[in-house]
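Structure, as C-alpha cells:
Chain naming here is simple, since letters A, B, ... match the order of the sequence lines and numbering starts at 1 in each.
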Number of protein chains: 4
Amino acid sequence: MTDDVDRWLSELIRLYEDDERLTDKQIKILQAAVEIFAEKGYASTSTSEIAHRAGVAEGTIFRHYATKKDLLFSIVTPVMSKLVAPFVFRDFNKVLHLEYSTYEEFVRAVIRNRIDFAQRYWPVLKVMVREISFQPQLQAQFKVEVGTQVAQRIRRVIQYFQRQGEIVEFPPESVMRLTASVVLGYLLTRFLWMSEKPWDDHKDVEEMVRFILHGLTP
Amino acid sequence: MTDDVDRWLSELIRLYEDDERLTDKQIKILQAAVEIFAEKGYASTSTSEIAHRAGVAEGTIFRHYATKKDLLFSIVTPVMSKLVAPFVFRDFNKVLHLEYSTYEEFVRAVIRNRIDFAQRYWPVLKVMVREISFQPQLQAQFKVEVGTQVAQRIRRVIQYFQRQGEIVEFPPESVMRLTASVVLGYLLTRFLWMSEKPWDDHKDVEEMVRFILHGLTP
Amino acid sequence: MTDDVDRWLSELIRLYEDDERLTDKQIKILQAAVEIFAEKGYASTSTSEIAHRAGVAEGTIFRHYATKKDLLFSIVTPVMSKLVAPFVFRDFNKVLHLEYSTYEEFVRAVIRNRIDFAQRYWPVLKVMVREISFQPQLQAQFKVEVGTQVAQRIRRVIQYFQRQGEIVEFPPESVMRLTASVVLGYLLTRFLWMSEKPWDDHKDVEEMVRFILHGLTP
Amino acid sequence: MTDDVDRWLSELIRLYEDDERLTDKQIKILQAAVEIFAEKGYASTSTSEIAHRAGVAEGTIFRHYATKKDLLFSIVTPVMSKLVAPFVFRDFNKVLHLEYSTYEEFVRAVIRNRIDFAQRYWPVLKVMVREISFQPQLQAQFKVEVGTQVAQRIRRVIQYFQRQGEIVEFPPESVMRLTASVVLGYLLTRFLWMSEKPWDDHKDVEEMVRFILHGLTP
DNA sequence: TATGAATGAGCTTTCATTCAT
DNA sequence: GATGAATGAAAGCTCATTCAT
C-alpha cells in the first residue's frame, strides 16, 4: 500500500511544483490521509488520526486545508483529471487514426493503459470510487469531465468503427457500456476484491480483447 | 425511493413473521435506516436522524438493535442471503439440465433474474455494495455465501457447457468474471449512475445475451 | 454470597408476613437487588440488570417500588432497625443488670452478638455501609436510631461501670468509640477485606475482650 | 472542603512539576473532580458537572484524561502512594531504633502522623476509601503497596517489641489490626461522621495511646 | 398483577475546527 | 508556519420510569 501511495504522491508533488510547492508537512498529510481514507473510508477517518499518522499537529492540517472535505478534494480531484487526460487532448482523433487502424488495436491499447493507470493510482482511485457516490461535488466534477469530455469522443470513435463495419450496430452507449464493464469488472476484481491472487496481465488482456471483439462482431 | 424501500420491507416483514414478528416501530426504524443509509452512507448517518425520520425516540432504536452496526447488519444480511438463494438449493444442477439446454438460455435466465432482484431490493443493495468494503463482518459473510456456495456451482455449469463445446475454453473464473462484469455494469449504470434515464429491459437483455454469447463462442 | 442473601431474605419475608405478604416476584427482586448492589454498588446497578437477574420484567420492579431508591431503602431500612433492636427494648437496663454483672461479660456478649449479626446480614450490611454516606435519608434514619436510641443507653451502661470503678474515667463517648472501633475493625477485616482467610471466632473474641478490658482498666 | 482540596492540590501540583507540568485547566479539573467525587461519589458524578464546576468545556477533560476512570485514578493513585510513603523508605528499621525505644513512642508517633496525613488529604482519602471497594484496579494497587510493603515492615516492628517483652504475645496480625482499628475508628469518627464537632487532638491521642498500650500490656 | 415496548433526558466520549502562543 | 490546548456540538448509547395491553 505505502509503495502505491508513494507513486501517486511523487506525481502529485510534481503537479503542484509549478505554482505553489507542497511543503514537507503537506506531503506527509496527503500521504497519511490517502492511506487512512483508503483503509476505513472518509467519513470514518478522524483528522486527529491523520495528524498522528502524518506526524504533524492537528492545527497544521487546517492551515493547509480549510476543512476535512477540502483535504479529500485535494486528493481526489487531480487524479480525476488524470483519469480522463488520455482522451481529452485536442488531437485525439488524429492520433487515433494514425495509431489504431482497427477497433481491436484501440481496445487493446485502452485496456493496457487503464490497467497501468489503475495500478499507479490505486489507493486514490479506491478513495474516489467509494466517495464519489457520497459527495455531490465530486459527482458533478466527474460528470463534466467524463460525461461530456470523454464520452463524446469515444462515441465518435465507436461510430467510426461501426461505419467501417467492424463492430455491430448496437447503440454507441451500449458498446461503450459493454466494453467499459468488462474492463471495470477486471480492475475491481484484480485490485479491490482479489488483490492477493497472482495475476497474469498479458493473458488477461488478450482474453478480454478476444471477448469484447467477438462479442461486438457484427 | 420510498416505493423501493416498501417493496423490500414487505418481504423482510414476511421473513421475520415466523419467529419474532417485527413491531410497528421496528418496521419504521428499518425503513428510515435504509433510506438514509442509501442516501448518505452508514458512517454519515446518525442514529438521531434515523429516529427522527422513523418518528420514534432514539432509545427505541437501541431497544431493538444493540448497536448501530447491528441495525446495519439486520438490514443487509437477509438480502445477502436472498442474493444467493437462487443458486444454493440442492437440486440446482438437475433444474439446470431440465430447464436450460444451452448456455444462452442459462445466461438469459440469470440476467433476467438478477435485474428483477436488483429492482426489487435496490436500496438495500446500494447500502450493501457500499458498506461491504468497510465492514469485515459483511465481507466474511459474503465470501462464505458467495465464494463457496455460488461460485462452485456456477463453475460446474460453465465446465459442463465447455465440455459440450458451446463456450470457449477460458478458465472458468474468467468466464464467470466476464459474464458477471457485463451484468453488474448494466445494473450499476441502470440503477446507480443513470437511474433517471428511460430503460428498455427487453432490448438490453438481448443485447447483453448476444454480446456474451458471441464473446464466448469458441 | 447467595447463601448469605438467602438467610437475610427469609427473615425479611417473615418481617413482612404480618401486614402485606411479599409476592414471589418481590422476593426475587429483593434478592437480585441485594446481590448486585453488594457487588457493584447502588449507583452502578441498573434496574434492567436487577430485573434480568430476578427473572422479571422491568416494569414489575416499579410496580412494587416506586423508584430505584425506594428499592434500596426497602432493603436497607429493616436491617438498620434490626441492627439496633438488641439495644432499644424498654427494659434494656434491667436485663443488663440481671445478665451482665461485669463490663467484661457485657463486652463479650455484645461482640459475639455483633459478629453473629454481621454474619447473618452481611450482604445487606455491605450495601448499607457503602450507601449510607451517599444517601442523606439513610444518614438521618441512622442518626435517629443509633445516635439517640442506642448511644444514650450505652452511655448509661458505661457510666454505670465507671461508677463501679471497673473502667477508666475516659469520656463515655471515647469508651464507646474505642470499643466500637475494635469490633468494627474486626468485622470489616473479617467480612470485607479478608473474607477468604480462615477465622477462629472464639480465639478472636477472647483477644478482643482482653484487649478492650486491659485497655480500659483504670 | 475547598481549603482541604487546596492543600492536597498544591502538593499534587508539586508532584507533577518535575516531568509534565499541570495546565491551569487541568488543576481546575482535578479540583472540581475531587470536590464532587467526595460529595456524591464517583458513579453519581457526571463529567458535565465536573466541567461546569471547573469552568472548562467537557471536551477539555477528555483531552487530559482519556476516560472518567482515568481521572479518578489520577486523583487517588498519588495519594495512595503518599499514604504508605512513611513506612517504605529503606532505612525504616534503623530510624525506628534510633527514634523510638518503646512501643509507646512508636504508636504515638504513628497516630500523630496519620491524623496529620488524614487532615491534609481528607477529601481525596474520602474518595479513595469509598471507591476502593468498587474499583478492582485500586484494590490491586492497594494490596501491593500496603499488603506487601507496609504490613511486612510493621510486623517486624511488632515482633521486635514482643521479643523485648513490651507487648503481649498475640499474633502480630492481631496486634496490627487492633492498633489500626483504634486509629481508623478515630479518623472516621472525626473526619467522616462527626466532622462538625470540636476535637482536641492532644487529649484524644493520649487516650488512644493509653488504651492501646494498656490493651497490649503482657 | 405483570409485562416489555417506548420514552427522552442524560451519560461518556469523539471530533472538526479555532486560536493564542 | 506550526503547534496543541481548548472548544462545544453532536455522536452512540444507557437508564429510570411510564403506560397500554
Side-chain angles (χ1 to χ4, degrees), chain A residues 23-26 28-29 43-52 54-71, chain B residues 21-26 28-29 43-52 54-71, chain C residues 23-26 28-29 42-52 54-71, chain D residues 22-26 28-29 43-52 54-71:
Chain A
T23 32
D24 188 47
K25 306 248 167 190
Q26 226 167 333
K28 279 182 187 155
I29 291 167
S44 301
T45 299
S46 72
T47 50
S48 88
E49 193 181 351
I50 296 171
H52 186 253
V56 304
E58 273 200 77
T60 309
I61 292 177
F62 290 92
R63 172 151 301 279
H64 294 291
Y65 306 95
T67 65
K68 191 183 156 194
K69 225 166 232 171
D70 276 6
L71 174 57
Chain B
R21 293 180 87 91
L22 292 172
T23 329
D24 189 46
K25 306 251 168 185
Q26 222 167 336
K28 278 182 189 153
I29 290 166
S44 303
T45 300
S46 73
T47 49
S48 88
E49 191 179 353
I50 296 171
H52 187 252
V56 304
E58 212 171 338
T60 307
I61 293 177
F62 291 95
R63 166 156 294 277
H64 295 290
Y65 306 95
T67 65
K68 192 184 155 193
K69 224 167 230 170
D70 276 7
L71 175 57
Chain C
T23 33
D24 189 46
K25 306 248 168 190
Q26 225 168 333
K28 278 183 189 154
I29 290 167
Y42 168 79
S44 302
T45 299
S46 72
T47 50
S48 87
E49 193 181 352
I50 296 170
H52 186 253
V56 304
E58 272 201 78
T60 309
I61 292 176
F62 290 92
R63 172 151 301 279
H64 295 291
Y65 306 95
T67 66
K68 190 184 158 194
K69 226 166 231 171
D70 277 5
L71 175 57
Chain D
L22 292 172
T23 328
D24 189 47
K25 305 250 168 186
Q26 223 167 334
K28 279 183 188 153
I29 290 167
S44 303
T45 299
S46 74
T47 50
S48 89
E49 193 180 352
I50 297 171
H52 188 252
V56 304
E58 216 171 335
T60 308
I61 293 176
F62 290 94
R63 167 157 294 277
H64 295 291
Y65 306 95
T67 65
K68 191 184 157 195
K69 224 167 230 170
D70 276 6
L71 175 57

Contact class for [X] (heavy atom, under 4.0 Å): base, sugar-phosphate, or nothing?
X: A:Ser44; result: nothing
X: C:His64; result: sugar-phosphate
X: D:Ser46; result: sugar-phosphate

Separation of [Y] [atom2] from [X] [atom1] (nearest 0.5 Å):
X: C:Ile61; Y: C:Lys28; atom1: CD1; atom2: NZ; result: 13.0 Å
X: A:Phe62; Y: A:Ile29; atom1: CZ; atom2: CD1; result: 10.0 Å
X: B:Lys68; Y: B:Thr45; atom1: NZ; atom2: OG1; result: 6.0 Å
X: B:Lys25; Y: B:Thr23; atom1: NZ; atom2: OG1; result: 10.0 Å

* Both distances under 3.5 Å, Watson-Crick or G-U wobble: report the partner of E:dT21, or none. => F:dA2
In whole Å, what is the span from the [atom1] atom of [X] to the [atom2] atom of [N]?
X: D:Leu71; N: E:dT13; atom1: CG; atom2: C1'; answer: 14 Å
X: B:Gln26; N: E:dG4; atom1: CD; atom2: P; answer: 15 Å
X: C:Tyr42; N: F:dC15; atom1: OH; atom2: C1'; answer: 12 Å
X: D:Ile61; N: F:dA5; atom1: CD1; atom2: P; answer: 16 Å
X: A:Phe62; N: F:dG4; atom1: CZ; atom2: C1'; answer: 13 Å
X: B:Lys25; N: F:dA20; atom1: NZ; atom2: P; answer: 12 Å
X: D:Ile50; N: E:dC11; atom1: CD1; atom2: C1'; answer: 12 Å
X: C:Arg63; N: F:dA16; atom1: CZ; atom2: C1'; answer: 16 Å

* Asked: Of B:Val56 and D:Ala66, whose nearest nucleotide on DNA chain E comes first from the 5' end?
  -> B:Val56
Counting only side-chain nitrogens and oxygens, does [X] get under 4.0 Å of the OP1 or OP2 atom of [N]?
X: A:Thr47; N: E:dA16; result: yes
X: B:Thr23; N: E:dA5; result: no
X: C:Ser48; N: F:dC15; result: no

* Structure fact -> Note: for A:Glu58 and C:Thr67 on DNA chain F, the residue whose nearest nucleotide lies more 5' is A:Glu58
* Asked: Which nucleotide sits closest to the side chain of C:Lys68: F:dA16, F:dT7, F:dG1?
  -> F:dA16
* **Verdict with supporting geometry, D:Thr47 and D:Glu58, side-chain hydrogen bond (donor to acceptor under 3.5 Å, both in side chains)** => CA-CA 7 Å; D:Thr47 50; D:Glu58 216 171 335; 2.9 Å; yes
